[in-house]
Each structure stands twice: as structure tokens, then as C-alpha cells.
Amino acid sequence: MVAGTERSHAILVLTGAGVSADSGVATFRGPDGLWEGHRVQDVATPEAFQRDPDLVHAFYDARRAKLETVQPNAAHEALARLDAEWPGELLIVTQNVDDLHERAGARRLLHMHGELKLGWCLACGERFAWVREMGTAATCPSCGGVGQVRPDIVWFGEMPYEMEPIEEALQRCHLFVSIGTSGAVYPAAGFVQTARYYGARCLEMNLEPSQGSMFFHETRLGRAAELVPRWVEELLGG
Ligand code: BV8
């Protein structure tokens, strides 16, 4: 969907795990529905963290370590090119907690579910960069508290970040584009309905139809690393 998109138009792009899949980062719902061998409720809820902090830390420590071994793919790079060259408003809202959008050069970017490379101290409330193993005995760089640092990730049952600017952008955008997400998790899965209600044209690019496909004006099926560069070229080059 490019026809009718003026260079003054506002674009909101929502990305999910499918945009990092071509970099070798596991998506949440693999064929077995498990997430790197775990059930979501055992590793991505506050209750799981209370119940078994060692397991939750091991899960996030392994995913943070994996980030050092992967690179942005053509989809991240194409979105960074759009960010650099699109003259109108642009906001990339990612559900992903990896840093591949940033490493490709994206700037107009919000992480609504937090970031693997951030820590959060429950003693003093500070957030800070954290690139190494965390475990249950990490020391807060701000207050020195020991064993009070958690991953700065939005777990199920927790309020996603930046919801106000995201709501505003959803109401303002002329084009809403969803890339690589199953449309299984709210509130992100409901964004297309908000954008459409406020008059945006809605485009979905995914390996298979998402749970919200019926709300999109157009669906393009395929790998993000192939579809996204082609779409950005249509927008910028066309
Ligand atoms: C909230 C961080 C309320 C973790 C994530 C009970 C209590 C409270 C809330 C609820 C509840 N019951 C239901 C809810 C709502 C809940 C929810 O939606 N549950 C679902 C399961 C029904 N939502 C929440 O809890 C949210 N918070 O509601 O708070 C509140 C209100 C007031 C005050 C306090 C609280 C918080 C949700 C955020 C959870 N955290 N991530 C981490 O990453 O470790 S969610 C996680 O799964 C991801 O971040 C993502 O958002 C989500 C879905 O993942 P996807 O990105 O879509 O990935 P998935 O694998 O599912 O799909 C990948 C897609 O890509 C597939 O379609 C595939 O076909 C495609 N694909 C694969 N390869 C490619 C490809 N496409 C293109 N190219 C390829 N190569």
C-alpha cells in the first residue's frame, strides 16, 4: 500500500518478533508454541519472577547473550533507511526487546515492551544499561543494592511503556504498517483497530495472516527481510 501516501503523511510502523526472525532471533510462538523451550507463564510474568527468579534470569541472560551473536537484517536496515529519508512523521513502535532496530540506525523508535539491554532496580527505581549476565545477585550501579535488579522488560500483566505517545501517533497516522507480529498480544494487537478507526490505511506484512488480518486493507505474505525493503523502495523510490 503506497498509492495515496504523500511525503507529508505520518506513518506508524509496529514490529514484532517476525522482523528479527531473519536475524536468527527466536519468535515467541514457535511450532511447539513454546518460547525457547519455556511456557510464557513460567518466564514472562511477575508471578514467575517471584516463584523462580533464577529461571527467569537464566531465560533473559541467555537471550541477552545471544544478542551479541546476531546482526540486523535487511528489514531492520530498510526501516532505518525509511527513518532517515521519510520527510513526514514516522514512529517505529517495536514489541521486540532486542536492539536490532537501533543497531541498524533507527532513531524514531519506541520499545513498548522494554529492552534486554536495560536493568531496573526495584530498591531505588533507577533504570540503566545492562549488557552482561544479571542473575539474582546483581548490584545496582545507582544505589548499590544487591539482588534487587530485574530485567527492564514488560511482562504479561504489566503495563506496556510509552502508551500515551503511541495512542497519539495511532490517532494521527495516515498509514499504519504492522510487520512480523502474530497479533496475539494486547494492547499491541489492538493498534490496527485504533488506527483504522481514525482513518489510517492499514498494511500488514507477515509470514502468515495474523490474528488481526481482517482489520487490514492489505496483507503481504512473506519474509520481512524480502517484503520490507521492497515496500520502503516503493515509498521512497517510487
Ligand atoms: C497488559 C516482553 C494491563 C517479554 C511481551 C491477564 C492479566 C493481565 C493482562 C492480560 C491477562 N490476560 C490477557 C491479558 C492481556 C495480555 C495479553 O494480551 N495476553 C494474550 C496472551 C491474550 N497482555 C498483557 O499482559 C500486556 N499488559 O495488558 O497490562 C494492565 C493495565 C493496567 C495496569 C497494569 C497492567 C503486556 C503484554 C506484554 C508482554 N510482554 N514481551 C519478552 O520479550 O521477554 S509480549 C511478546 O509476545 C512480544 O513482545 C510480543 O508483543 C508478543 C507477541 O509476539 P510477536 O512479536 O507477535 O511474536 P510471535 O512469535 O507471536 O509472532 C511472530 C510472527 O512473525 C508470526 O505471525 C510469524 O508468522 C511471523 N514471522 C515469523 N518469521 C517471520 C515472520 N514474519 C515475517 N518474516 C519472517 N521471517
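Throughout, numbering of the chain's residues begins at 1 and tracks the sequence. For ligands, and for the atoms within them, numbers begin at 1 and follow the listed sequence.
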In terms of its nearest heavy atom to atom 26 (C) of ligand 1, the top option of Phe59, Tyr60, Tyr186 is Tyr186
Atom 43 (O) of ligand 1: of His113, Arg63, Gln95, Glu204, the nearest heavy atom sits on Arg63
* Asked: For residues Glu204 and Ser213, is any side-chain donor paired with an opposing acceptor at under 3.5 Å?
  -> yes
Just wondering, more than 12 heavy atoms not from Phe128 lying within 6.0 Å of its CZ? yes
Partner of Glu68 under salt bridge (charged side-chain N to carboxylate O under 4.0 Å, His left out), picked from Lys117, Arg132, Arg63, is Lys117
Counting heavy atoms under 4.0 Å, the part of Thr181 that contacts ligand 1 is both
Inset, instruction - Tell me, yes or no, whether the heavy-atom count around Glu133 atom CD, taken from other residues, nucleotides or ligands under 6.0 Å, exceeds 12. - result: no
Report task. State whether the side chain of Arg108 and the backbone N or O of Asp83 hold a donor-acceptor pair below 3.5 Å, judged by distance alone. Result -> yes
Is it the case that the side chain of Thr69 and the backbone of Lys66 share a donor-acceptor pair, with hydrogens and angles ignored and the cut-off at 3.5 Å? yes
Item to complete: For the residue pair Trp155 and Tyr60, categorise the inter-ring angle as parallel (less than 30°), tilted (30 to 60°) or perpendicular (more than 60°).
Response: tilted
Going by the 4.0 angstrom heavy-atom rule, the piece of Val97 near ligand 1 is side chain
Check whether any side-chain N or O of Asn73 sits under 3.5 Å from a backbone N or O of Ala75 as a donor-acceptor pair, and report yes or no. yes
Ligand 1 atoms nearer than 4.0 angstrom to some heavy atom of Gly16 are 56 (O)
A student comparing Met163, Gln41, Met159 should find that the heavy atom closest to atom 32 (C) of ligand 1 comes from Met159
Does Ala44, backbone or side chain, put an N or O under 3.5 Å from an N or O of ligand 1?
no
Note: ligand 1 atoms sitting under 4.0 Å from heavy atoms of Gly180 are 63 (C), 64 (C), 65 (O), 76 (N)
A student checking ligand 1 against Ile153 at a 4.0 Å heavy-atom cut-off should list atoms 2 (C), 4 (C), 42 (C), 44 (O)
Quick note on ligand 1: atoms under 4.0 Å from a heavy atom of Ser182 include exactly 57 (O), 59 (P), 61 (O), 62 (O), 64 (C), 67 (O)
Notebook entry, point to check: If only atom types and distance count, is the side chain of Trp86 paired as donor or acceptor with the main-chain N or O of His9 below 3.5 Å?
Noted result: yes
One finds that the ligand 1 atoms under 4.0 Å from a non-hydrogen atom of Arg223 are 78 (N), 80 (N)
Would you check if the side chain of His111 reaches a backbone N or O of Asn96 as a donor-acceptor pair within less than 3.5 Å? yes
Check: of Glu226, Met205, Glu158, min heavy-atom distance to atom 1 (C) of ligand 1 comes from Glu158
Taking only non-hydrogen atoms of Ala224 and a 4.0 Å limit, the atoms of ligand 1 in range are 77 (C), 78 (N), 79 (C)
Filtering Phe156, Tyr161, Trp155, Phe28 for the heavy atom nearest atom 45 (S) of ligand 1 leaves Phe156
For Ala184, the atoms of ligand 1 under 4.0 Å from one of its heavy atoms are 20 (C), 22 (C)
So the atoms of ligand 1 within less than 4.0 Å of a heavy atom of Val185 turn out to be 18 (O), 37 (C), 47 (O), 52 (C), 53 (C)
